[in-house]
Structures are given as structure tokens and as C-alpha cells.
Amino acid sequence: MLMLRFASSPTGDMYINDLRIALLNYIVSKQKNEDLIVRIDDMDKENNIEGKDQETLDILGLFGIEYTQVIYQSQNIRFYSAIALQLLHEKKAFSCFCSDEWLQKKRKEAQEANKPYQYDDACRNLPPELVIDNTAPFTVRIVRPDKLGFSSDTVDSFVIMTQDKTPTPNFACAVDDMLNDISMIIRNEKYLNNTSKQIHVRNQLRYDKEIEYAHLSSIENEVSVKQLLEEGYLPEAISNYLISIGTNPPKEIFTLDEAIQWFNLENISKSPAHFNMDMLQDINKKHLKNLDATELSRYVGFADAEIGELARLYIEEVATTKELKEKIAPIFAQRNISDEFTEQTVFMAQTIKNAPYFEEYDEFKNYIMKETELKENDFSKLFRILLTNAEQGPDIAEVYKYLKNYMKEIIK
RNA sequence: GGCCCCGUCGUCUAGCGGUUAGGAUCCAUGGUUUUCAUCCAUGUUACAGGAGUUCAAUUCUCCUCGGGGUCACCA
């Protein structure tokens with residue numbers, strides 16, 4: 001069974017670049033009708049953060065990204081060791097005793113000479129007796145490609161097993177992609193240079209199945225997914241925005257399922273994009289409008305379709321669920337009316353309390369205006385303050401429609 | 001510095017030899033609205049620069065400039 005994979009290291013929050021990669025992998029997996037697996041690159045024990053793996057999986061779930069299994073690299077160590085050993089046996093890898101200081105010096109020299117650094121193969125042909133007698137810590141390096149072979153310019157004899165005998169990320173990744181029968185890899189452009197190294201590893205293992213690669217340029221000024229979620233952006237809006245970047249969608253607002261219908265990885269722009277909050281806000285607002293009333297009400301802390309309809313009126317003024325919540329909350333909160341209006345509002349509140357129930361706003365308005373002897377403009381202004389606890393807002397007649405049943409409880 | 005990717009409004013993009021260079025978003029103005037907002041209308045803003053090929057270049061080629069990535073026992 002061929003499949004696609006999304007790799008994530010549990011060393012920090014998930015950023016929108018990662019999410020975009022996950023989304024596109026998911027879309028392509030659906031289009032190709034292949035499975036998507038999630039791989040947790042947790043070999044770097046120093047930097048792993050407890051719980052980040054689960055956080056990543058939760059986010060994928062929240063965004064509707066389905067996967068068939070989760071693989072932890074830390075549970076595959078025996079494969080990496082066995083394969084490294086095999087390469088050693090076949091003389092396709094060698095032990096390297098070069099000290100860290102010495103390598104760093106070499107690297108620095110290369111940098112100062114404005115040359116790309118490559119390992120000089122100092123340990124490649126050590127006599128066996130020197131190897132066996134050497135008690136110094138060593139790494140395992142794979143033998144570089146032949147001079148005539150492909151990418152011999154860019155691929156040196158790089159480390160595949162570190163001194164503490166854990167695989168390097170490049171090596172582990174190459175092995176995993178082979179073992180999992182990965183057909184296509186969609187990843188960030190920053191891994192582009194690793195590709196030839198990973199292919200080299202597989203070549204040395206006589207794995208000649210070709211894996212298709214697609215590298216995406218990064219989004220600049222990126223933010224964490226968690227942060228966007230906390231600010232009140234809808235998952236469907238975030239994915240809508242991320243899928244739009246670098247492409248020309250047939251319509252502005254769409255769902256993940258719709259994107260699967262038309263998305264074409266080949267049309268995606270290769271130039272780096274800038275994260276644009278304005279655009280996300282606009283998309284979020286439009287998705288907010290598509291929510292049904294009960295869902296909407298949940299986002300503002302209720303579970304009531306009528307409150308949902310009320311909230312819908314306020315979407316015009318906000319971009320996120322957080323802002324929406326901030327608009328709705330005062331309506332049900334303690335009134336705090338400025339002195340300038342106190343006297344009039346107290347009287348109006350009194351009048352409303354004693355008024356009969358009116359289905360229609362106009363009838364209600366006429367009744368109260370008559371009782372209080374207020375002009376229309378003054379009435380509207382005062383009633384708005386009284387009912388919504390704000391001086392500005394949506395059409396008060398519309399607000400009345402959804403609040404008339406709660407009105408006498410709200411206005412105390 | 002070597003290598004790789006890229007260059008159209010501020011941003012995301014359409015364009016694939018002849019266009020008044022289009023759309024979206026943002027911004028500005030006007031209209032609707034008892035208010036803010038919405039909505040509608042209108043408007044400002046772009047082919048990085050220079051050579052070449054061609055009757056004709058945003059489009060093809062080269063150079064320059066600019067942006068991004070990479071050059072670890074990191075991910």
C-alpha cells in the first residue's frame with residue numbers, strides 16, 4: 001500500500017507552515033486515494049517537549065485531517081541500527097573518529113574561505129587495526145556517492161549514526177520513507193537539499209523505487225496555529241486561507257472537501273508568500289456567516305439557536321469568534337450606564353417592565369415612545385443602551401427580534 | 001561565498017508574443033443605514049533594472065539587482 005506522510009517533531013508549537021504541509025499532504029492523499037500517515041520525529045530527546053506530539057495530533061483532528069497511523073521514530077531504533085550495521089558490513093559506511101572541535105574548525109575554515117563545507121573523508125580508509133583499537137567515541141558515516149555518480153558535488157560522506165548511536169534525522173527519514181513505502185513527499189523547501197542525501201541512502205540499500213518530491217516555499221512572518229485558534233479563527237477558515245496561498249482557487253470561500261476536488265499541486269506558486277492577517281480575517285468572517293445558528297452560539301458561550309441568530313447580527317462588526325464573544329457578553333452583563341443617561345434610562349426601564357408583550361418591534365417602539373414621551377432618535381439611542389449595553393451596534397429592530405423574550409430579565 | 005528556488009498593485013494572485021495588464025484583500029471617497037458595521041458604487045496603487053530576439057515583449061534569452069532556502073552529530 002503506497003502512502004503519503006506528514007512528519008512533525010515534537011519540539012515546539014505547530015506553525016502554519018507545518019499545518020499547510022499537513023493539509024496539502026492530506027488533500028493529495030485523498031486525490032491519489034492513498035493513505036496518509038503521521039510520523040513523529042522524536043529522536044532528539046534533548047529538545048522534545050512532553051505532550052507536543054498529542055497536541056499536533058489534536059490539531060490535525062480539529063482540522064479534519066484524517067490519517068491511518070502514527071509512527072514514532074523512537075520506536076524504530078532497532079531498524080536504523082540494523083541498517084547502519086549492514087552498510088558498515090558492505091563497506092558502504094565507515095566509522096569516523098574525528099572530534100567535534102576538529103570538524104567545527106574545518107567548517108569555520110570553509111565558511112571563512114566562502115566555500116561550502118564538505119567532510120574530507122579523513123576516516124574513510126582507516127586501517128582496520130586502527131579502528132578496532134580505537135576507544136574514542138565515533139560516528140558512522142555513509143560513503144559519499146562516486147565521483148561520476150549523481151549529486152557527488154553536494155553529498156559528502158555524512159553522518160548517519162551519531163556518537164550515542166542514534167540515527168541522524170536525514171538517515172532516519174530516508175529509512176522510514178523506504179520502510180513505509182512512501183510514494184510522494186510534500187514538504188518544506190528547506191529540506192530540498194536533504195533530498196539527494198536521502199536518495200543516496202536508499203540507493204545504497206538498493207531501494208530503487210522512486211519517490212516523488214514536492215517542495216513548498218515557506219510562508220514568512222508565520223504564527224502558531226494555537227495562537228490563531230485562541231484568537232478566534234475557525235479551523236475551516238485557517239485551512240481555507242492556507243490552501244489559497246500560492247494558488248488561484250476557483251472560489252474564495254471553500255471547504256477542505258471542495259479543495260480536494262480542484263486543488264492542483266502543480267499550479268502552486270514557488271515564490272515565498274507573506275502571511276496576511278487581513279485576508280485571514282476576511283475569510284474567517286465569511287466562514288463565520290456560514291455557520292448555523294446553534295454552532296455560532298456555542299462559539300460565544302451559549303447553546304441556543306436564538307442567541308446564535310443574535311450573534312449573527314454582530315458578525316458584521318467583527319472578524320473572530322473571540323471578538324464576537326466580546327460583543328455578546330455585555331448584553332447579558334450588569335449594565336453600567338453613564339450618568340448622562342441614568343435618569344432617563346431608569347424611567348424607560350420602568351416603563352418597559354410594566355409594558356405588555358409586543359411581538360413586533362414597531363408596536364413596542366410606539367408604545368414606549370408614547371409612555372415616555374421620547375422622540376424617535378432619543379428613544380432608539382436610549383433603548384439601545386438599555387438593551388445591548390452599548391451605544392452602537394446592529395439594527396435595533398433586529399436585535400429586538402431575538403431578545404424580546406429575554407428583555408425583562410436583561411433590563412433590570 | 002558555492003549550490004538550489006523565486007521576482008506582476010502593500011499583500012495573495014490571473015496572464016502563457018499584440019490586453020484600457022484582470023480579480024481578491026487592504027486603503028480612500030460617495031450612497032444606503034436613527035448609530036458603528038454591513039451592503040452597493042467609485043477610485044488610488046504593479047510588470048525590479050538593463051541588453052538582446054521579434055513588426056511587436058509582462059510573456060522568450062542573457063546579465064545585473066533583489067528576495068528566500070541550504071551548506072551540522074540541528075530539524
Side-chain angles (χ1 to χ4, degrees), chain A residues 7-12 18 41-44 46-48 73 96 98-100 103-104 106-107 110-119 137-141 151 153-156 158-173 187-197 215-221 241-249 251-253 267-283 285-286 289 312-319 327 365 375-385 388 390-398:
Chain A
S8 173
S9 42
T11 51
D18 306 316
D41 291 356
D42 59 347
M43 292 306 305
D44 181 19
E46 304 252 314
N47 293 316
N48 281 352
Q73 285 191 325
C96 171
C98 296
S99 74
D100 206 27
L103 292 172
Q104 267 179 31
K106 285 285 195 182
R107 241 179 270 136
Q111 196 185 359
E112 278 165 5
N114 275 332
K115 288 197 163 159
Y117 166 77
Q118 290 212 335
Y119 178 64
F138 65 96
T139 61
V140 179
R141 290 179 181 269
S151 347
D153 299 345
T154 52
V155 179
D156 63 351
F158 61 96
V159 175
I160 58 172
M161 295 294 272
T162 65
Q163 285 181 356
D164 57 10
K165 302 303 168 282
T166 60
T168 57
N170 255 328
F171 181 58
C173 177
R187 40 139 73 141
N188 193 293
E189 179 195 46
K190 71 180 175 194
Y191 301 111
L192 185 69
N193 288 33
N194 290 347
T195 306
S196 41
K197 289 187 176 181
H215 289 93
L216 299 181
S217 56
S218 300
I219 303 167
E220 290 173 40
N221 354 302
Y241 173 68
L242 292 178
I243 295 166
S244 301
I245 287 182
T247 191
N248 186 31
K251 55 179 181 170
E252 196 194 356
I253 301 301
N267 290 344
I268 204 144
S269 162
K270 285 179 179 169
S271 52
H274 297 78
F275 173 70
N276 188 334
M277 191 68 97
D278 282 337
M279 234 169 249
L280 212 210
Q281 283 187 348
D282 182 64
I283 291 173
K285 201 163 173 166
K286 288 169 180 164
K289 287 181 185 173
R312 193 185 298 287
L313 300 177
Y314 282 87
I315 294 176
E316 312 295 355
E317 314 194 358
V318 303
K327 290 279 183 188
K365 180 178 75 179
K375 293 213 172 65
E376 176 146 6
N377 277 8
D378 294 331
F379 165 80
S380 299
K381 191 170 182 181
L382 284 175
F383 181 55
R384 175 186 298 287
I385 292 171
T388 67
E391 289 183 36
Q392 291 163 342
D395 185 356
I396 196 70
E398 288 293 311

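Note that these values count all heavy atoms, side chains included, but never hydrogens, waters or copies made by symmetry.
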With both distances under 3.5 angstrom, what nucleotide forms a Watson-Crick or G-U wobble pair with [N]?
N: B:U34; result: none
N: B:C55; result: B:G18
N: B:A41; result: B:U29
N: B:C74; result: none
N: B:C3; result: B:G69

Quiz item: Less than 4.0 Å between a side-chain N and a carboxylate O, is that true for A:E391 and A:R384?
Solution: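 No, no charged N to carboxylate O under 4.0 Å.
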
Donor on one side chain, acceptor on other, [X] and [Y], under 3.5 Å:
X: A:T166; Y: A:D164; value: yes
X: A:N193; Y: A:T154; value: no
X: A:T195; Y: A:R187; value: yes

Quiz item: Does A:T168 reach the main-chain N or O of A:M161 with its side chain, forming a donor-acceptor pair under 3.5 Å?
Solution: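 Side chain of A:T168 to backbone of A:M161: no pair is present.
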
Quiz item: Is a donor on one side and an acceptor on the other found under 3.5 Å between the side chain of A:D41 and the backbone of A:S8?
Solution: no

Could you check how far [atom1] of [X] sits from [atom2] of [N], rounded to whole Å?
X: A:K106; N: B:A72; atom1: NZ; atom2: C1'; result: 16 Å
X: A:I245; N: B:A24; atom1: CD1; atom2: P; result: 19 Å
X: A:E398; N: B:U34; atom1: CD; atom2: C1'; result: 15 Å
X: A:Y117; N: B:C74; atom1: OH; atom2: P; result: 13 Å
X: A:Q281; N: B:G10; atom1: CD; atom2: P; result: 21 Å
X: A:I283; N: B:U13; atom1: CD1; atom2: P; result: 12 Å
X: A:I268; N: B:U13; atom1: CD1; atom2: P; result: 9 Å
X: A:K270; N: B:U13; atom1: NZ; atom2: P; result: 14 Å

Between N or O atoms, less than 3.5 Å apart, protein on one side and nucleotides 63-69 of chain B on the other: list the pairs.
none

Between protein and nucleotides 35-38 of chain B, what N or O pairs are separated by less than 3.5 Å?
unit_1: B:U35; atom_1: O2'; unit_2: A:Q392; atom_2: NE2; d: 3.4
unit_1: B:U35; atom_1: O2; unit_2: A:G393; atom_2: N; d: 3.1
unit_1: B:U35; atom_1: N3; unit_2: A:R384; atom_2: NH2; d: 2.7
unit_1: B:U35; atom_1: N3; unit_2: A:G393; atom_2: O; d: 2.6
unit_1: B:U35; atom_1: O4; unit_2: A:R384; atom_2: NH2; d: 2.9
unit_1: B:U35; atom_1: O4; unit_2: A:G393; atom_2: O; d: 3.2
unit_1: B:U35; atom_1: O4; unit_2: A:P394; atom_2: O; d: 3.2
unit_1: B:U35; atom_1: O4; unit_2: A:D395; atom_2: N; d: 3.3
unit_1: B:C36; atom_1: O2; unit_2: A:E317; atom_2: OE1; d: 3.3
unit_1: B:C36; atom_1: O2; unit_2: A:E317; atom_2: OE2; d: 2.7
unit_1: B:C36; atom_1: N3; unit_2: A:E317; atom_2: OE2; d: 3.3
unit_1: B:C36; atom_1: N3; unit_2: A:G393; atom_2: O; d: 2.9
unit_1: B:C36; atom_1: N4; unit_2: A:G393; atom_2: O; d: 3.2
unit_1: B:A37; atom_1: O2'; unit_2: A:E316; atom_2: O; d: 2.2
unit_1: B:A37; atom_1: O2'; unit_2: A:E317; atom_2: N; d: 3.4
unit_1: B:U38; atom_1: O2'; unit_2: A:E316; atom_2: OE1; d: 2.7

Quiz item: Atom CG of A:L216 and atom CG of A:L192: how far apart are they, to the nearest 0.5 Å?
Solution: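 Between A:L216 CG and A:L192 CG, I get 11.0 Å after rounding to 0.5 Å.
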
Between [N] and [M], how far is it from one [atom1] atom to the other, in whole Å?
N: B:A21; M: B:C9; atom1: P; answer: 16 Å
N: B:C60; M: B:C6; atom1: P; answer: 12 Å
N: B:C3; M: B:A14; atom1: C1'; answer: 32 Å
N: B:G66; M: B:G30; atom1: C1'; answer: 40 Å
N: B:U44; M: B:U35; atom1: P; answer: 29 Å
N: B:U13; M: B:G7; atom1: P; answer: 10 Å
N: B:U54; M: B:C12; atom1: P; answer: 36 Å
N: B:U58; M: B:C16; atom1: P; answer: 14 Å

Exercise. Starting from the C-alpha separation in whole Å, work towards a yes-or-no answer on salt bridge (Lys or Arg N to Asp or Glu O under 4.0 Å) for A:K289 and A:E316.
Key: CA-CA 9 Å; A:K289 287 181 185 173; A:E316 312 295 355; 3.6 Å; yes

Quiz item: Relative to the 5' end of RNA chain B, which residue comes earlier, A:S244 or A:S9, by the nucleotide with the nearest heavy atom?
Solution: A:S244

Quiz prompt | Residue whose closest nucleotide on RNA chain B lies nearer the 5' end, A:E376 versus A:M279 | solution =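 Of the two residues, A:M279 wins.
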
Self-check item: A:K251 vs B:G23: side-chain N/O to OP1/OP2 distance below 4.0 Å
Solution: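 No.
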
Practice problem: Walk me through it: do A:N221 and A:H274 pass the test side chain to side chain contact (heavy atoms under 4.5 Å, CB included)? | Solution: CA-CA 6 Å; A:N221 354 302; A:H274 297 78; 4.1 Å; yes

Have a look at [X] and say if it touches a base, only the backbone sugar-phosphate, or nothing, with a 4.0 Å heavy-atom cut-off.
X: A:R187; result: nothing
X: A:K375; result: nothing
X: A:N170; result: base
X: A:S269; result: sugar-phosphate
X: A:D164; result: nothing

Quiz item: Looking at A:F275 versus A:Y241, is the centre-to-centre ring distance below 6.0 Å?
Solution: yes

Quiz prompt | Beyond-backbone contact of A:D42 with A:S9, side-chain heavy atoms, under 4.5 angstrom | solution = no

Quiz item: So is A:R141 actually on top of A:F158's ring, under 6.0 Å and inside 45° of the axis?
Solution: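 Verdict for A:F158: no cation-pi partner in A:R141.
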
Practice problem: Kindly point out which of B:C73, B:G1, B:U34 is positioned nearest to the side chain of A:T162? | Solution: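 Among the listed nucleotides, the one closest to the side chain of A:T162 is B:C73.
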
Quiz item: What nucleotide among B:G2, B:C73, B:G10 has an atom nearest to a side-chain atom of A:N276?
Solution: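 Among the listed nucleotides, the one closest to the side chain of A:N276 is B:G10.
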
